[in-house]
Amino acid sequence: MTPTDLIGPASSLGSPAPYWFLVFFKVLGFILHMIPMSLWYAGILLALLLRWRGGEFGRLWSARLMKQMPLWVALGVNFGIVPLLFTQVSYYQVFYPATILMAWFWFSVILLLTLAYYGVYIYAYGLKEGQTLTPFRRVAGWISAIFFIAIGFLFSNAFSLMTNLGGWPALAEKTGYAGAVFGTALNTADATLWPRWLMFFGLALTTTGAYAFVDAGVFARKESDAYRRTWAGSFALKIYTLGMLWFAFFGSWYVFGTWPTEIRLVMFAMPLGILTVLTGVSPGLVWVCLWLFRKSVGKGTALLVALAQFVVLALNAVSRQIVQNLELKKFLDITAEPVKIQLSPIILFLLLFVFGVAVVVWMVRKIIAVEGKPAAAGS
Amino acid sequence: MHYPWWYVPFLNAPMLIAAIAVLHVLVSHYAVGGGLFLAVETSFAYKTKNTNYLAYLRQHAWFFILITVVYGAITGVGIWWTIGLASPLATETLIHAFVFGWAMEYVFFVLEVVSAFIFYYYWGRLDSKTHTAIGWIYAGAAWISLVLITGITAFMLHPGSWPESKNFWAGFFNPQFVPQVLSRTGGSFLLASLYVYLHAAFKVKDPAMRDMIAARSARPALLGSILIVLGGVGWFLFLPESAKAALAAASTLNIMMAIIFALTIGVFLLLYFGPYKNPGWLTPGFAIVLFVMGLSAFSTGEFVREAVRKPFILYNVVLGNQVLAEEVPALKANGYLESGNWLRAHVAARFPQTLEDGKINEAKLLELPRENQLELGEMLFQYACNNCHATKNGMSAASHLMRGWTVAMIRTVSREPEKMHFFMPPWAGTPEESELLTQYLISIAPAHPAGMYFGEEQ
């Protein structure tokens with residue numbers, strides 16, 4: 001059984017849009033997804049630890065983040081749909097087999113996510129005025145934290161297995177039954193899995209640190225100056241430092257310990273070498289910003305940090321996409337699928353996309369306008 | 001066979017789709033109708049300056065968010081998860097045909113989530129005009145989502161001229177589009193009222209307020225029932241012939257249709273004589289009965305809608321056993337095992353002696369020892385039959401269906417299943433492969449039940 005034998009035929013319908021168009025939305029969606037996803041992936045665990053062992057401000061930060069968490073989970077799930085949709089258009093020949101091999105684990109994401117999401121609501125409700133964080137609510141919070149990390153592990157499995165075609169025959173044989181599969185495989189034998197999963201946790205920690213700064217500068221205007229101007233900046237820097245070191249350690253393991261030579265050769269040659277280096281060092285630039293601004297937390301500095309972290313995530317997403325294609329190249333050229341363009345649906349989608357963004361902007365402007373105003377009648 | 005087959009013992013993988021899908025639609029329709037309820041009623045409450053009603057609506061909005069934004073959104077994504085696992089070829093085809101339909105739907109989904117959160121979390125902070133406008137944005141976005149998704153799900157039952165033209169719009173505006181939009185819109189109105197009754201019956205203590213909620217929500221519910229019936233009639237009229245035949249032939253579907261009619265009439269009468277004429281009837285017990293009846297009718301309807309497509313997942317395009325209808329002749333000529341990537345690879349690894357010039361020699365398959373032939377037969381069963389039939393026990397188990405069959409009968413159903421039952425897919429392999437399947441089926445078919453008396457032989 002050779003890996004390429006296991007790749008099914010390309011769809012006779014052809015790609016409905018050029019590859020660049022699809023991958024643009026795939027990567028954009030992934031970047032947007034990574035922001036809230038990082039907050040639930042590393043942020044919940046951190047918030048619960050600080051609730052347990054943090055000081056006064058640590059507990060305040062924990063409560064602030066967890067009160068916002070239902071919204072972050074909603075946005076994260078929502079933004080996650082985009083990369084999932086476009087992955088299935090362009091990478092279906094490898095995405096479906098990989099997820100079918102680990103079907104029960106992949107299927108369990110639905111249950112884990114539902115429980116984790118409700119757990120967040122249960123915990124957050126205990127933070128409302130007049131409510132208390134009962135042991136039940138605290139347990140719900142911890143279950144959410146564990147389940148979100150488990151979901152991250154399963155995603156790392158699925159997307160590493162998607163490119164680890166060399167591992168498919170053995171997994172199919174090991175977890176197969178009468179030529180079919182039980183769906184109980186995991187990609188744990190793949191050397192890239194562990195550093196990828198752990199590296200991403202480090203990246204999520206950096207985003208959580210950056211967000212702590214942004215929250216203090218933009219949203220926490222009602223909190224004390226001691227919290228905003230003294231504690232939050234220094235806390236954000238500490239978390240960011242931890243995340244950056246973590247990211248550097250596991251990222252180095254991933255790049256230098258698991259990338260095959262042919263990928264390293266491409267990713268470190270010009271012009272991609274610039275991208276690789278920028279991806280690796282970009283968290284350092286945010287760290288410098290946080291260090292410089294640690295005592296001057298404000299709207300302007302917060303927006304600068306947010307923008308810088310967005311660039312970090314964007315660089316990671318773009319690099320990841322290029323590596324993914326390189327990993328697949330020896331088996332399948334994703335970009336070679338014939339295009340049968342669906343022009344009028346694309347145009348309508350783009351028009352609706354612009355319309356949708358305009359309506360969201362209108363709604364956000366309305367809420368920005370009322371922020372800080374007293375409650376109106378009718379509540 | 002383009003993809004590995006996920007073997008789920010007892011239940012069969014596609015049943016997981018049904019489970020998730022039914023759980024989803026019961027909430028997704030509330031997400032549409034409930035949005036309209038909140039928009040209409042909040043406008044009304046502001047207009048009449050009814051602060052008590054506004055307070056109730058705020059409570060309901062919280063309940064609505066917990067149900068729809070959390071559970072509804074995740075089960076919606078869950079359908080994607082499950083169809084990709086259990087019906088990968090159909091999913092591949094759908095997504096190639098309609099990715100921009102889903103992308104458009106996604107735009108409205110974003111609007112739904114953002115507006116729902118703002119509507120609830122900024123309650124009392126936004127002026128009434130802006131607040132109701134945001135409620136209406138939610139309602140409009142949710143209904144357009146329904147329309148976009150329905151175009152695609154209706155396509156699965158009747159793709160219209162799409163198989164010839166492969167045109168997006170030909171597939172989207174298919175013969176089932178209008179009937180299904182009507183019935184789903186009606187279903188949204190009806191289900192939303194049932195959710196409102198359930199919530200209000202437990203939460204509202206003031207009888208006058210409860211009566212008002214009962215009366216106001218009865219009209220959209222009754223209108224919803226009428227739309228469901230109109231859409232249902234259209235659905236039946238525009239069904240493909242095979243689907244109509246399946247409805248007439250399958251006793252399970254007959255019973256289910258009877259249940260749907262009985263429950264729909266029951267719900268209509270209870271709504272008319274209850275909340276519409278006698279709002280005071282709304283008690284927790286009454287609301288639960290209505291809710292359970294409505295949900296039962298809805299779930300049964302969804303099940304029937306799925307079942308009548310057999311043997312297709314996408315009518316005339318993709319068969320239930322993950323084969324493209326257009327590739328059946330080639331599979332018959334070249335062999336099912338040879339043509340399926342995962343099957344061919346498995347045979348090559350397990351029985352290399354059957355290969356000749358890198359291809360499977362069908363004649364050699366029948367020269368293998370009996371236990372190997374049974375193994376290959378079971379493999380064929382997994383890929384060609386397990387989407388509907390469990391093996392020895394479980395969902396529509398082949399073993400029990402063939403109890404007491406003669407070898408000739410089993411051979412016939414292996415070779416020409418579509419002639420035995422028109423709602424089964426045709427055999428898409430060579431006669432040798434059909435023989436392997438026959439041998440396997442014979443090995444699992446139990447004997448005719450003993451002790452049955454049919455009179456004395458003369």
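A, B, ... follow the sequence lines: proteins, then strands. Residue 1 opens every chain. Every heavy atom of this structure was used, including side-chain atoms; hydrogens, water molecules and symmetry mates were not. Because the structure is predicted, anything quoted here is derived from the model rather than measured.
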TODO: Would you check if the side chain of B/Asn321 reaches a backbone N or O of B/Ala384 as a donor-acceptor pair within less than 3.5 Å?
DONE: yes
Task: Side chain, backbone, both or neither of A/Trp362 within contact of chain B (heavy atoms, under 4.5 Å) - done: side chain
Task: Residue part contacting chain B, namely of A/Phe182, when any heavy atom lies under 4.5 Å - done: both
TODO: Examine whether an atom of B/Ile20 lies under 4.5 Å from a heavy atom of chain A, and if so say whether it belongs to the side chain, the backbone or both; otherwise answer neither.
DONE: side chain
Task: A/Val77 versus chain B, the contacting section by heavy-atom distance below 4.5 Å - done: side chain
Task: Side chain / backbone / both / neither for A/Leu22 at chain B, heavy atoms under 4.5 Å - done: side chain
TODO: Find the distance between CE (A/Met162) and CZ (A/Phe95) and round it off to the nearest 0.5 Å.
DONE: 7.5 Å
Open item on the list: Please rank B/Leu343, B/Asn386, B/Val110, B/Leu89 by heavy-atom pairs under 4.5 Å with chain A and give me the top one.
Closed with: B/Val110
Task: B/Tyr122 six-ring centre to A/Lys366 NZ/CZ under 6.0 Å and within 45° of normal - done: no
Task: Interchain contact, B/Arg344 with chain A, by part (heavy-atom threshold 4.5 Å) - done: side chain
TODO: Verify whether one side chain among B/Ser145 and B/Glu105 offers a donor that lies under 3.5 Å from an acceptor in the other.
DONE: yes
Task: Heavy-atom contact with chain A under 4.5 Å, split by part of B/Thr42 - done: neither
TODO: Kindly state whether the ring of B/Tyr106 and the ring of B/Trp102 have centres lying under 6.0 angstrom apart.
DONE: no
Task: Candidate pair B/His131 and B/Tyr46, rule side-chain hydrogen bond (donor to acceptor under 3.5 Å, both in side chains), full reasoning - done: CA-CA 10 Å; B/His131 191 222; B/Tyr46 276 126; 2.7 Å; yes
- [ ] Using the six-membered ring wherever Trp is involved, compare the ring planes of A/Tyr118 and A/Tyr121 and label them parallel, tilted or perpendicular (cut-offs 30° and 60°).
- [x] tilted
TODO: Kindly say whether A/Pro83 contributes a backbone atom to a donor-acceptor pair with the side chain of A/Thr87 at under 3.5 angstrom?
DONE: yes
Open item on the list: For A/Phe25, which atoms come within 4.5 Å of any heavy atom of chain B: side chain, backbone, both, or neither?
Closed with: neither
Open item on the list: Counting only non-hydrogen atoms closer than 4.5 Å, does B/Phe108 touch chain A with its backbone (N, CA, C, O), its side chain (CB onward), both, or neither?
Closed with: side chain
Task: Any donor-acceptor N/O pair, B/Gln322 side chain to B/Tyr383 backbone, under 3.5 Å - done: no
Task: Residue, of B/Phe172, B/Phe168, B/Trp81, B/Trp80, that accumulates the most heavy atom pairs under 4.5 Å with chain A - done: B/Trp81
Task: chain A contacts, top residue of B/Val77, B/Val114, B/Val70 (heavy-atom pairs, under 4.5 Å) - done: B/Val70
Task: Whether A/His33 side chain and A/Gly76 backbone form a donor-acceptor pair below 3.5 Å - done: yes
Open item on the list: Is B/Tyr3 close to chain A through its backbone or its side chain, or both, or neither, when contacts mean heavy atoms under 4.5 Å?
Closed with: side chain
Open item on the list: With a 4.5 angstrom heavy-atom cut-off, is it the side chain or the backbone of B/Ala73 that approaches chain A, or both, or neither?
Closed with: neither
Task: Contacting region of B/Ile134 [heavy-atom separation from chain A under 4.5 Å] - done: side chain
Open item on the list: Taking every non-hydrogen pair under 4.5 Å, which of B/Gly84, B/Ser128, B/Pro9 racks up the most with chain A?
Closed with: B/Gly84
TODO: Kindly say whether the aromatic ring centers of B/Trp5 and A/Tyr177 come within a distance under 6.0 Å.
DONE: no
- [ ] Check each atom of B/Glu92 against the heavy atoms of chain A and say whether the ones under 4.5 Å are side chain, backbone, both or neither.
- [x] both
TODO: Please state whether the side chain, the backbone, both or neither of B/Leu324 comes within less than 4.5 Å of a heavy atom of chain A.
DONE: neither
Task: Residue pair B/Trp6 / B/Leu16, side-chain heavy-atom distance below 4.5 Å - done: yes
Open item on the list: Below 4.5 Å, heavy-atom pairs only: which of B/Glu375, B/Lys49, B/His96, B/Met1 has the largest tally toward chain A?
Closed with: B/His96
TODO: Identify which part of B/Ala13 has an atom lying under 4.5 Å from any heavy atom of chain A, answering side chain, backbone, both or neither.
DONE: neither
